[in-house]
**Student:** 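The structure is given below, and queries will be raised subsequently.
First the proteins, then the strands, lettered A, B, ... as listed; each starts at 1.
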Amino acid sequence: MSKVRVRFAPSPTGALHIGGVRTALYNYLFAKQNKGKFILRIEDTDTTRFVPGAEQYIIDSFNWLGITFDEGVHIPNDKNIAYRQSERKSIYKQYADYLLEHKLAYIAFDTPEEIEEKRKEVSNFQYDASVRMQMKNSLTLTNEDVQQRIASGEKYVIRILINPGKDIEVNDLICGKVVINSSILDDKVLWKSSDGLPTYHLANIVDDHLMAITHVIRGAEWLPSAPLHILLYQYLGWEDTMPQFAHLPLILKPDGNGKLSKRDGERLGFPVFPLQWKDPKTNEVSPGYKEKGFLPEAIINFLALLGWNPGTDQEIFSIDELVKTFSLERVNKSGARFDYEKAKWFNHIYIQEKNNSELAKLFHPILLEKGIAFDEQYLQQVTGLIKERINLLNDFWDQASFFFVRPTSYDENVIKKRWKEDTPIHLNAIKQIILDVDPFDKQQAHDKTAIYITEHGLNMGQIMNCLRLSIVGAAKGPDLFDIIELLGPTETGTRIQFAIEAIKQL
RNA sequence: GGUCGGUUCGUCUAGGGGUUAGGACAUCAGGUUUUCAUCCUGGCAACAGGGGUUCGAUUCCCCUACCGACUACCA
């Protein structure tokens, strides 16, 4: 068997959708597993939908995710091969001409408006065998007429000629054998003279052939056009090297019906793009997983399991393990609903797996943004204390702000429930106890505080919570004496003082 | 409308002619942490419906329902 070569071929019409990321991931895993090549090809044959910056966004996204390519638009190659279809423009026409010569395609002059009109007149109008002899094309017009129209600059398209009544088999690696009758296919436009560019169908088949693609792994929305593609391989005489197809199930909305869309993310409050994306036309900004505080490894793991499973109970997979374990055979046929909660759970797991110094680095941007000066050693210690309490990197500030700034407010519920008239007296006493442990020792400070509380016949929960309140500002956070140790006795004393003053005012 | 595909806990899924239908997320309850979160333990919770085939169907076959994709000079 020839060497595995697969491709991811997005259209630069906007940000890379999470479903596209999964498609690319499965291609990547398949390529790596088979020691094959993974190619990034940009399918920009629709000039009207081209969005500047989209291609770079796609590349940036894969860089962040750690999904790498062997060939592609962003990788220089010495053979001077173009991986952007707009730059391969000159390649396609000859294949359309070949089809024309062999009477497997024909020239059609019907304008988009005329066809639109037909669609209004006739319900379920389809440009196919049933109507093509009533249309303006090289099948109905004389050769001279056709030549003259072309010479005079009349716009035309080249359509594939599909003979009705033939069963076409798609042997899909995931869906199995799917049989479709050619009668339901229309004579699809392959090439248009208006811009000299092929449509998706032609460009895709020509490029896959020229790039020696062995497996086409793509979204299930392509399954209905697979028969057309197979026909094209046959027409062009490339049947023996035709790639194998694998159509991936769709990613569905978390609620309701239909496939996941950008709007669902906005509506339900989660990203659908890897990186933040600013639409150059509308200036609308959509959040990305990165900005939300996700780790790329977590996204990869989550996406890998959305539509595929190893057949075991294992859920946590490194990318290397995925490369080893992944198989197209175990990809599901049915669509999978997107589950943001589970994505967050994966992220939580991956955060725990990082060591403190790695993780601390990921918090730098947050502190920088807040304008907080910090000591790396200190940050790493804080990280160690709070890491198990967060799901997203962005939860950091919520869980750790008090390590860097004094509380500016105190949780009213805690005050109401715990703060008594004599609380300040006892807190002052405890403050002194902590200050007196010199050099400071966490265990000693704790024990002496506990002794004080029992000796005075006080309620442990009440006093400890008030102490926490004055240091943290709320009833949350890691072990109180761990916090005190990091903050230091002096800062702790100051905070107790501040809290007593502030709460007195209330 | 037509073509194709799909349907196991709320969600992702395992399983497969005889199982207490398993796991994970979410959720609920206990425990730990004198806080909150984590963590641990446990609970709730599913084979879309109807016909076959069979001693026996969630599993195989057919039909129905529902869901989805596609049906462009878009990809």
Side-chain angles (χ1 to χ4, degrees), chain A residues 9-13 43-46 48-49 108 110-112 115-116 119 123-127 155-159 170 172 174-176 178-181 183-186 188-195 197-201 203-204 218-227 247 249-250 252 254-259 302 305-316 330 332-346 348 352 386-391 395 398-399 411 414 418 450 453 459-469 472 474-480:
Chain A
S11 220
T13 54
E43 309 220 326
D44 55 350
T45 53
D46 185 356
T48 62
R49 293 208 310 156
D110 318 86
T111 65
I115 289 174
E116 194 48 47
R119 278 193 235 279
S123 66
N124 299 327
F125 172 85
Q126 192 167 271
Y127 205 123
K155 296 278 185 285
Y156 67 95
V157 297
I158 297 175
R159 285 180 182 273
V170 182
D172 191 276
I174 293 165
C175 305
V178 179
V179 181
I180 291 162
N181 195 279
S183 299
I184 64 135
L185 266 26
D186 61 340
K188 278 266 179 303
V189 170
L190 261 21
W191 188 88
K192 47 223 195 290
S193 74
S194 58
D195 56 11
L197 283 165
T199 60
Y200 168 82
H201 303 290
N204 189 267
R218 74 225 304 192
E221 67 269 29
W222 293 107
L223 188 55
S225 54
H247 289 93
L250 265 7
L252 275 15
D255 61 345
N257 306 132
K259 62 174 174 179
F302 166 65
L305 265 332
L306 199 61
W308 169 84
N309 75 83
T312 66
D313 284 346
Q314 185 179 352
E315 295 216 74
I316 304 302
R330 292 202 67 91
N332 275 88
K333 290 188 193 181
S334 49
R337 282 186 194 276
F338 188 82
D339 185 352
Y340 187 55
E341 292 304 319
K342 191 128 191 186
K344 284 197 287 194
W345 175 77
F346 273 109
H348 178 256
Q352 307 322 308
I386 58 96
K387 71 195 268 191
E388 68 187 23
R389 322 171 74 82
I390 63 173
N391 291 322
D395 294 337
D398 189 46
Q399 291 299 324
D411 190 319
V414 180
R418 313 275 197 186
I453 293 169
N459 178 306
M460 184 77 86
Q462 188 228 325
I463 294 295
M464 292 295 267
N465 273 294
C466 288
L467 184 58
R468 175 178 290 277
L469 183 72
V472 174
K476 65 169 190 184
D479 180 86
L480 189 50

**Student:** So which nucleotide from B:U13, B:G6, B:U11 ends up closest to the side chain of A:Asn309?
**Tutor:** B:U13

**Student:** Mapping A:Glu315 and A:Asp479 to their closest nucleotides on RNA chain B, which lands nearer the 5' end?
**Tutor:** A:Glu315

**Student:** Hey, does A:Pro478 reach any base, or is it just sugar-phosphate, or nothing, if we go heavy atoms under 4.0 Å?
**Tutor:** base

**Student:** Heavy atoms under 4.0 Å is the rule here; annotate nucleotides 39-48 of chain B 5' to 3' with B where the base is hit, S where only the sugar-phosphate is, and - elsewhere.
**Tutor:** S---------

**Student:** Of all residues at least two apart in sequence or in a different chain, which pass the side-chain contact (heavy atoms from CB on, under 4.5 Å) check with A:Arg159?
**Tutor:** A:Tyr106, A:Ala108, A:Ile115, A:Tyr127, A:Val157, A:Asp187, A:Val189

**Student:** Look through every strand shown and name the nucleotide pairing with B:A65 as Watson-Crick or G-U wobble, where both distances are under 3.5 Å.
**Tutor:** B:U7

**Student:** Could you tell me how far B:C61 sits from B:U20 if I compare only their P atoms? Round to whole Å.
**Tutor:** 25 Å

**Student:** Just to be sure I understand the rule, does A:Asn465 reach a base, reach only the sugar-phosphate, or reach nothing, if contact means heavy atoms closer than 4.0 Å?
**Tutor:** sugar-phosphate

**Student:** Just checking A:Tyr340 against A:Phe302, ring centres under 6.0 Å apart?
**Tutor:** no

**Student:** With sequence neighbours left out, write down each residue that passes side-chain contact (heavy atoms from CB on, under 4.5 Å) with A:Lys155, or none if nothing qualifies.
**Tutor:** A:Ser193, A:Ser194

**Student:** Would you say A:Lys476 places a side-chain N or O within less than 4.0 Å of OP1 or OP2 belonging to B:A37?
**Tutor:** no

**Student:** Taking side-chain contact (heavy atoms from CB on, under 4.5 Å) as the definition, give me every residue that meets it alongside A:Glu43, ordered by chain and number, with sequence neighbours left out.
**Tutor:** A:Ala9, A:Arg41, A:Gln85, A:Tyr200, A:Asn204

**Student:** Round to a whole Å and report the spacing from NZ of A:Lys342 to P of B:C12.
**Tutor:** 10 Å

**Student:** B:A14, OP1 or OP2 - any side-chain N/O from A:Asn332 closer than 4.0 Å?
**Tutor:** yes

**Student:** A:Val179 near the nucleic acid: base, sugar-phosphate alone, or nothing, with a heavy-atom cut-off under 4.0 Å?
**Tutor:** sugar-phosphate

**Student:** Which whole-number value in Å describes the distance from A:Leu185 CG to B:U3 C1'?
**Tutor:** 10 Å

**Student:** Pick base, sugar-phosphate or nothing for A:Arg468, based on heavy-atom distances below 4.0 Å to the nucleic acid.
**Tutor:** base

**Student:** Taking B:C9 as the reference, what is the distance to B:U27 when you measure between their C1' atoms (whole Å, please)?
**Tutor:** 12 Å

**Student:** What's A:Arg218 touching, base or sugar-phosphate or nothing? Going by heavy atoms closer than 4.0 Å.
**Tutor:** nothing

**Student:** Excluding sequence neighbours, so at least two apart, what forms side-chain contact (heavy atoms from CB on, under 4.5 Å) with A:Asp195?
**Tutor:** A:Thr47, A:Lys192, A:Leu197

**Student:** Using a cut-off of 4.0 Å between protein heavy atoms and nucleotide atoms, how would you tag nucleotides 60-75 of chain B 5' to 3' with B, S and -?
**Tutor:** -------SSSSSSBBB

**Student:** Expressed in whole Å, how much space separates the P atoms belonging to B:U13 and B:G18?
**Tutor:** 24 Å

**Student:** Distance check: side-chain N/O of A:Arg330 vs OP1/OP2 of B:G15, anything under 4.0 Å?
**Tutor:** yes

**Student:** Hey, which of these two, A:Glu388 or A:Leu305, hits RNA chain B nearer its 5' end, going by closest nucleotide?
**Tutor:** A:Leu305

**Student:** Can you figure out which of B:A37, B:U3, B:U35 approaches the side chain of A:Ile180 most closely?
**Tutor:** B:U3

